[in-house]
Novice: 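My questions all concern the structure below.
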Amino acid sequence: MRRPPLSGLLALAATVPGVVVALAGVHLPAPAAALVFGGAIIGAAFVLAWAAEAAQVDVSAGLAVAVLALIAVLPEYSVDFVFTWRGGEAAAQYGADCHPPGGDGTPSCSLALANMTGANRILVGIGWVAVVLIAWRRSKRRGISLGRADAVPLAFLTIASLYCLILPFKRTLTLWDTAVLVAVFVAYSWRVSRAPAGEPELVGPSAWVGGLAKVPRRTTVVALFVVSAAVILLAAEPFAAGLVDTGQQLGISQFLLVQWVAPLASEAPELLVAGLYAYRLHTTEALGALVSSKVNQWTLLVGTLPVVFAVSSGGTSGLPIEPAQRGELLLTAAQSLLAIALLLELTLSLRAALTLLGLFLVQFVLGAVLPARWHDDELVALSAVYLALAAVAVVRKRACLVPMLRDGLRTPYRQLGENLHCTTTGGGRLRLRTRLRELVGAEQVAGPHLP
């Protein structure tokens, strides 16, 4: 492939209007600004994802997936940091409620958490489900399986989700939360860096970059990283401002725009890349990358918000958690725990995916039908449903919980390459398959249908 693919050129072209408008200092109407700068973020995010895929040629497979997941959510980081920074400035000016006396609209501090919770729920409720549905449509598979090595991100996601379950009961996100969640992310990054190198399957722009000679390839990857990150940083603030101003002009809730429209724009490249993987029936890579992205968002993203808030507010009191946001945080953590429970066997069935999709859509139906004064009760009730279903799933798959955590946290990667999966038939058969492998040295021992 001698020429860059058309899709790569189109993604770069999508960034040009936003860059030109920003550097020229042109003031656009709010809806147009949101559209232009949102397009720049989407284009830059595609370029980042392709560069991260091409980087798999030079780094280990596990680290490449983690880096790809981190790069893919960079637009989400940039947009959320803008709202958090504005919340810190508002807190410094107006006090802990982040809101001018008698002011209208949603407090700036609430917008930061709204963006984060919306992005997390979209990733699971839309992204994970889409991979399963696309695979079912393409191959009639009634579910998809992960590799045993994918227990690594799932185990760290479990730790992060259990910790985040306490956040709804706090008044602020503090630097202590930063220390815990960033430590989980660092431990996860170190763990996946131990994965052996693999031969990546690259297509499109990433294949063109990956096919270059060593020095040009690495130079191109670094250049694409730098250029795309610069575009995202340049467009993030005007995009966020355009969304908020659009809500004010059109009478649309700022909260809804920030929680759902902004994450859809920033998550779109990640969801589309996963969808393309699933369309090519690389379902393990597709779902594995989305699980890694969820780890990044639940650890590094949430953990760095108090740092951004502390710098912008000039204090260390912590990012306030408004009463309305506690239900949002609880629902996000509950959804995460149900998703983990459904994945304990390292498989996500079509029925489980439809359950996640249905529960994700229920919140919008209830929000449209029930009075606004019941919103908090609605979030708590829906969270209880998620947690109850998660408890049922864990009880049913309890034989897989300890093996998943053991594989994810300490089993050497050379053993994770073995074709061995836990099943709900019980831990005894898992141990039997392991012992048979040790005795006969077989390359593959039969799955759940052992005598």
Side-chain angles (χ1 to χ4, degrees), residues 76 80 83 106-107 109-129 157-173 177 181 253-264 266-267 290-291 293-299 301-303 305 319-343 352-394:
E76 177 59 34
D80 213 355
F83 288 118
T106 306
C109 295
S110 292
L111 295 180
L113 293 177
N115 189 256
M116 181 272 292
T117 55
N120 270 277
R121 299 217 291 273
I122 286 173
L123 191 63
V124 173
I126 298 296
W128 291 23
V129 174
L157 180 59
T158 302
I159 296 172
S161 298
L162 289 174
Y163 181 81
C164 288
L165 193 60
I166 72 173
L167 299 183
F169 305 97
K170 302 182 62 175
R171 294 184 179 274
T172 58
L173 278 176
D177 300 311
L181 293 172
S253 168
Q254 295 178 8
F255 182 87
L256 291 178
L257 283 173
V258 170
Q259 186 172 37
W260 301 118
V261 178
L264 276 176
S266 57
E267 299 280 359
L290 290 179
V291 174
S293 295
K294 177 68 174 175
V295 177
N296 287 322
Q297 291 197 9
W298 235 178
T299 56
L301 175 59
V302 178
L305 293 183
L319 174 62
I321 301 176
E322 304 288 335
Q325 288 302 313
R326 290 173 189 155
E328 300 287 350
L329 283 169
L330 179 62
L331 181 57
T332 306
Q335 183 206 46
S336 179
L337 289 172
L338 175 59
I340 293 167
L342 294 175
L343 267 178
L354 292 176
T355 299
L356 290 174
L357 178 62
L359 289 172
F360 178 77
L361 296 177
V362 161
Q363 62 187 310
F364 298 103
V365 175
L366 293 178
V369 173
L370 298 179
R373 66 179 182 274
W374 291 359
H375 179 65
D376 292 344
D377 296 332
E378 163 209 329
L379 294 177
V380 172
L382 192 53
S383 299
V385 173
Y386 271 111
L387 292 174
L389 291 176
V392 171
V394 169

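Note that the structure is predicted; figures quoted are calculated from it, not measured.
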Novice: Are any of the side-chain heavy atoms of I166 and Y163 separated by less than 4.5 Å?
Specialist: yes
Novice: What closest approach, in Å, do S383 and A334 show between heavy atoms, and which atom pair accounts for it?
Specialist: O-CB, 3.7 Å
Novice: Flag the pair L113 / F83 as yes when at least one side-chain heavy-atom distance between them is below 4.5 Å, and no otherwise.
Specialist: no
Novice: Would you compute the distance between atom SG of C164 and atom CH2 of W298 and round it to the nearest 0.5 angstrom?
Specialist: 4.0 Å
Novice: How many angstroms lie between atom CG of D177 and atom OG1 of T172, to the nearest 0.5 angstrom?
Specialist: 7.5 Å
Novice: To the nearest 0.5 Å, what is the distance between OG on S336 and CG on L331?
Specialist: 11.0 Å
Novice: Spell out, as yes or no, whether a donor-acceptor pair under 3.5 Å connects the side chain of D80 to the backbone of N115.
Specialist: no
Novice: Are L359 and L389 packed together at the side-chain level, in the sense that at least one heavy-atom pair is separated by less than 4.5 angstrom?
Specialist: yes
Novice: Hey, does L301 have a side-chain heavy atom less than 4.5 Å from the side chain of M116?
Specialist: yes
Novice: Does D376 pair with R326 as a salt bridge, N-O distance under 4.0 Å?
Specialist: no
Novice: Within a strict 4.5 Å, meaning less than it, do heavy atoms of the L330 and L379 side chains meet?
Specialist: no
Novice: Out of curiosity, I122 CD1 to Q335 CD, how far, rounded to the nearest 0.5 Å?
Specialist: 10.0 Å
Novice: With no hydrogens and no angle check, is any side-chain donor or acceptor of T117 less than 3.5 Å from a backbone partner on A114?
Specialist: yes
Novice: For residues V129 and V124, determine if any side-chain heavy atom of one lies less than 4.5 Å from a side-chain heavy atom of the other.
Specialist: no
Novice: Residues in side-chain hydrogen bond (donor to acceptor under 3.5 Å, both in side chains) with R121, at least two apart?
Specialist: E328, T332, Q363
Novice: I need the minimum non-hydrogen distance between S161 and I340, along with the two atoms involved.
Specialist: OG-CD1, 3.6 Å
Novice: State, yes or no, whether a side-chain contact exists between V291 and L343 at a heavy-atom distance under 4.5 Å.
Specialist: yes
Novice: Under the side chain to side chain contact (heavy atoms under 4.5 Å, CB included) test against L173, which residue among L181, I321, L329 passes?
Specialist: I321
Novice: For residues 364-371, which side-chain donor-acceptor pairs fall under 3.5 Å, sequence neighbours excluded?
Specialist:
none

Novice: What is the distance from atom CH2 of W128 to atom CG of L342, rounded to the nearest 0.5 Å?
Specialist: 9.0 Å
Novice: If you measure from CG on L157 to OG1 on T299, what distance do you get to the nearest 0.5 Å?
Specialist: 9.0 Å
Novice: State, yes or no, whether a side-chain contact exists between L337 and Y386 at a heavy-atom distance under 4.5 Å.
Specialist: no
